[in-house]
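Please read the structure below before turning to the comments.
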There are 2 protein chains.
Amino acid sequence: MRMRSDEAKSAILKVLSESGKPLGASQIVSALLSMGVDLQPRTVRYYLLKLDAQGFTKLVSRRMGREITERGREEISRTNAMARMGIVAAKVDSLGYKMSFNVKDGKGTIIINVSLIDPADFRLAIKEIQLIVNYGFSIGGMMAVAQEGAKLGSVVVPEGSIAIGTVCSVTLNGIFQKEGIPVVSRFGGLLEIKDRKPIRFVNMIEYRGSTLDPLEVFIRADMTRVRSAVLRGSGIVCASFREIPSVALDQIRKVERAMKVHGLGGILAIGRPSQPLFDISVSEGYCGMVVLGGLNPIAAVREAGVRVSIQSLAGLLDFNRLIPVHKYLRHDTGYLE
Amino acid sequence: MRMRSDEAKSAILKVLSESGKPLGASQIVSALLSMGVDLQPRTVRYYLLKLDAQGFTKLVSRRMGREITERGREEISRTNAMARMGIVAAKVDSLGYKMSFNVKDGKGTIIINVSLIDPADFRLAIKEIQLIVNYGFSIGGMMAVAQEGAKLGSVVVPEGSIAIGTVCSVTLNGIFQKEGIPVVSRFGGLLEIKDRKPIRFVNMIEYRGSTLDPLEVFIRADMTRVRSAVLRGSGIVCASFREIPSVALDQIRKVERAMKVHGLGGILAIGRPSQPLFDISVSEGYCGMVVLGGLNPIAAVREAGVRVSIQSLAGLLDFNRLIPVHKYLRHDTGYLE
DNA sequence: GGAATATACGGCAATATTGCCGTATTGTTA
DNA sequence: TAACAATACGGCAATATTGCCGTATATTCC
C-alpha cells in the first residue's frame, strides 16, 4: 500500500519544522507514527535525500541528522492545506458538543444545513423536499425557512435569496452524546438503492481525511440520484456510516423512538454486533449504523434543476424554529408575503 | 508506505468471505477502503494471483472475478486473530458507557484495574503505591482492597491472594462522556521523564490496533521505571494520549477541578488547540491530553520486586468502596485481621 | 584523552506497488 | 440475436519501499 510520496515528504517536513533541532530518520519515524504514518527508517532517509535535492532540508552531519531549511519552512506555509485535513471531523465534534437538543422534552438547539435558492423556485423546491421527506430519505420532516436579511444558523441570507434549513445528520451525534453514548463517525458516502432496497456504498469519503463535508461534495459533484430512488426505486442517496458500542444498542433504539415523537428520524439501518453492514466491516464489539443524509431533500431540489447553494454543518438553530415541511405547502403562497 | 502483504491478503480474503458472490478487484477495493485499507485495483489483482497459487481463491471468469475457496475459509478461521483487533477499543468504549460516576455528587461506579499479590507483600506494596500516589503519577489517591473469595470489579480473588483495585484512566473517558464531551483515545504509551519533567513518548500502542491494554503490556514487559522517575527524577512512566475538541477546553478544566474534590486526578497535560503535545501532533480543532496510567503505582510495586498479576479494565466498582491510600498504611495491620 | 558504544548515513539490490493497455467475458439494448 | 458497453483480467515495465551492511560521526565511559 502506497501513500502519495509528496504526502510522505510533507509529513516529514512537518516533523522537522516542529522539532527545535536536527533529527535522524528513526526519530522522525517515531513522530510520524504518532501522526498515523508508518514508514521504515530507510524509506524516510530515501525521502530526505529527495527533500535535500529540493532544498527543503539539509544534512547537519552524519551523526546528528537533518534539519529543515528556510525554504522548507516556506514550502510548509505554501502547502498548508495539509494542516487543515481533518477539519470537518473537528467541526462535527464541536457542533455535536455545542448543540443542546434534549429528546425528552424536544427543546434546545440542533445542527442545520442551509441551502440558498431563488425565491421564484420556492414552491417547486418545497414540493421536491416534501417528496423526499415523505419517502423517508431525510432526518425526519422538520424544516426552517428564512428570508433575505434574516439569519439561519450561521448564515445571513443574502439579497435575492431565500434560505432553507434542513436538519443535519450530525444532530444525531449530539443527541447520542448527550445521552452518554459514544459515536464514531466513519465516513459520508453514496448508497446505492435498487428495487427500493439499500444495497451498498458505491463511494465514500472518510470524515477524518476531509476538509469538506463528504455529502456536500458528492451533491455539488452531481453524483446523487435521490429523485430516481424515490420515483423509480433505483438510485443513489447520501448516507453516512457510524460505529456505536454494541452495549448501547438498546438505548439507541429508545432514543430513536423518542426522536420520532419530535419529528426527527434518519436512521436507515443498524447492523448486528461485530457484523458488516452493507458490506462495511465494523470493529469487534461495535455495531454499524447508517444514517441518511440531511441534504437528500436538497439534492432532489438540485436534481430537479433548481440552482442551489449548499452549506452543510451551518451552525445551530433552536428547534422551535422548525416546522413540518407539509405546512409550507399549505401556507407557502401566504408565507412569502 | 507498505503494510505487510499477508495482512493485505488476509483482508482481501475477509472481503470475499463476507460476500455471497464472486467479486472483481474494484469491488474488493471499495470494501477494503471501508476497512481502512487503501490499495489500487491492480495491486489487489496482484495479491489475488498469489492467493490463487495458495489455493485460497479461484477465478470464476474474467468478467465475474474471483470467489473464496473452502481452503480460503479454513485459512480465515485459522488466522482469526485478525478479527479480534480493536477489541480493547471496544472495551474502553463499553466500560466508559456503562460506568455511572457523577462528578457533581461523587457517586456511582468507576472503572478499575485489579492486581493480585501475596498477602505477605501487602505492606510493602502499599508503601510503594503511596510513594507514587503522593508524587501524583496516578489517577488520584483512592484505592480498594479485597481479600480472597471476595469480588473486586469482575475479578474473584483467588485463594492465597489479596486484590488491589486502582482507578483506571478510562474512568476519565466515562466522566467526560457523561458530561457530553466526546473523547478520542489515541494510544497508550511510555512517557520519558528527565529532570522531573515529561519529555516525550518513547513507545506507544494504538488502542484501535491492539487486543490488549497497551499499558498492561508495557508493565508486563518490564519496560517501566516509575520508581526511578519519582526517586531520581528520571525514568519512564505509563500514560495515554487522548484528543478532545478544543471548544470543550473550559469545561474539561471545570470537570478536572470537580474530580479533585473527590480524590480523582491524573491529567498530566493538555495541549494548546491544534498544537502538538510532547511532539505528538493532533488534528486541527482538537487539543491533545495526556493522562497518567492508573497502573503506575502497580508498576512501582512490581519494580520493587513484588510478584503481581495485573488485570486492567477489570470491570466496574462502586466509588464508595475506595478509600484514600494513606488510610491503608495506618490500618493495614488491623486491616488484614 | 582515547577507546568503545550509540546513532545516523547512503550504496546496492531485492521486493512490493501500480500505471497502462490489450484482451476476455457478461450484461444490456435495439 | 447481434452489437455495444461495462467490468475484469494479466503482461510488461516503471516507480516506490525497504532490508542489509559498511562507513561516518557524536557521545559516553574509563
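Not measured: the values here are computed from a predicted model.
Sequence order on DNA chain D of the closest nucleotides to A/P41 and A/S61 puts A/P41 first from the 5' end. The residue among A/M64 and A/R45 whose nearest nucleotide of DNA chain D is located toward the 5' end is A/R45.
A close approach under 4.0 Å does occur between a side-chain nitrogen or oxygen of B/Q40 and OP1 or OP2 of C/dG19.
Atom CG of B/L49 and atom P of D/dA8 are 16 Å apart (whole Å). One interatomic measurement links the two molecules: CZ of A/R42 to C1' of C/dA14, which rounds to 13 Å at whole-angstrom precision. Atom pair B/K9:NZ and C/dT15:P shows a separation of 14 Å (rounding to whole Å applied). The nearest whole Å value for the distance from the CG atom in A/L48 to the C1' atom in C/dG10 is 12 Å. When the P atom of D/dG19 is taken as reference, atom OH of A/Y46 falls 15 Å away, rounded to whole Å. At whole-Å resolution of the value, CG in A/L32 and P in D/dT18 are 12 Å apart. For the pair A/K194 NZ and C/dT28 C1', the interatomic distance rounds to 12 Å; values are reported in whole Å. Between the CD atom of A/E7 and the P atom of D/dA16 there is a distance of 14 Å, rounded to whole Å.
One finds a salt bridge joining B/E18 and B/K14 here, because a Lys/Arg side-chain nitrogen approaches an Asp/Glu carboxylate oxygen to under 4.0 Å.
Relative ring orientation between B/F241 and B/F187 is described as parallel, the plane-to-plane angle staying below 30° on a 0-90° scale split at 30° and 60°.
Checking C/dG10, D/dA16, D/dA8 against the side-chain heavy atoms of A/K50 singles out D/dA16 as nearest. The side chain of B/T43 approaches C/dT18 more closely than any other nucleotide in the set D/dA8, C/dT18, C/dG10.
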For this session: For side-chain contact (heavy atoms from CB on, under 4.5 Å), just list the numbers for B/V237 and B/L268, CA-CA rounded to whole Å, side-chain angles, deciding distance to a tenth of an Å, and then say yes or no.
Result: CA-CA 11 Å; B/V237 302; B/L268 178 64; 6.0 Å; no

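B/E128 and B/V301 make their closest contact through CB-CG2, 3.9 Å (heavy atoms, listed as atom of the first residue, atom of the second, distance).
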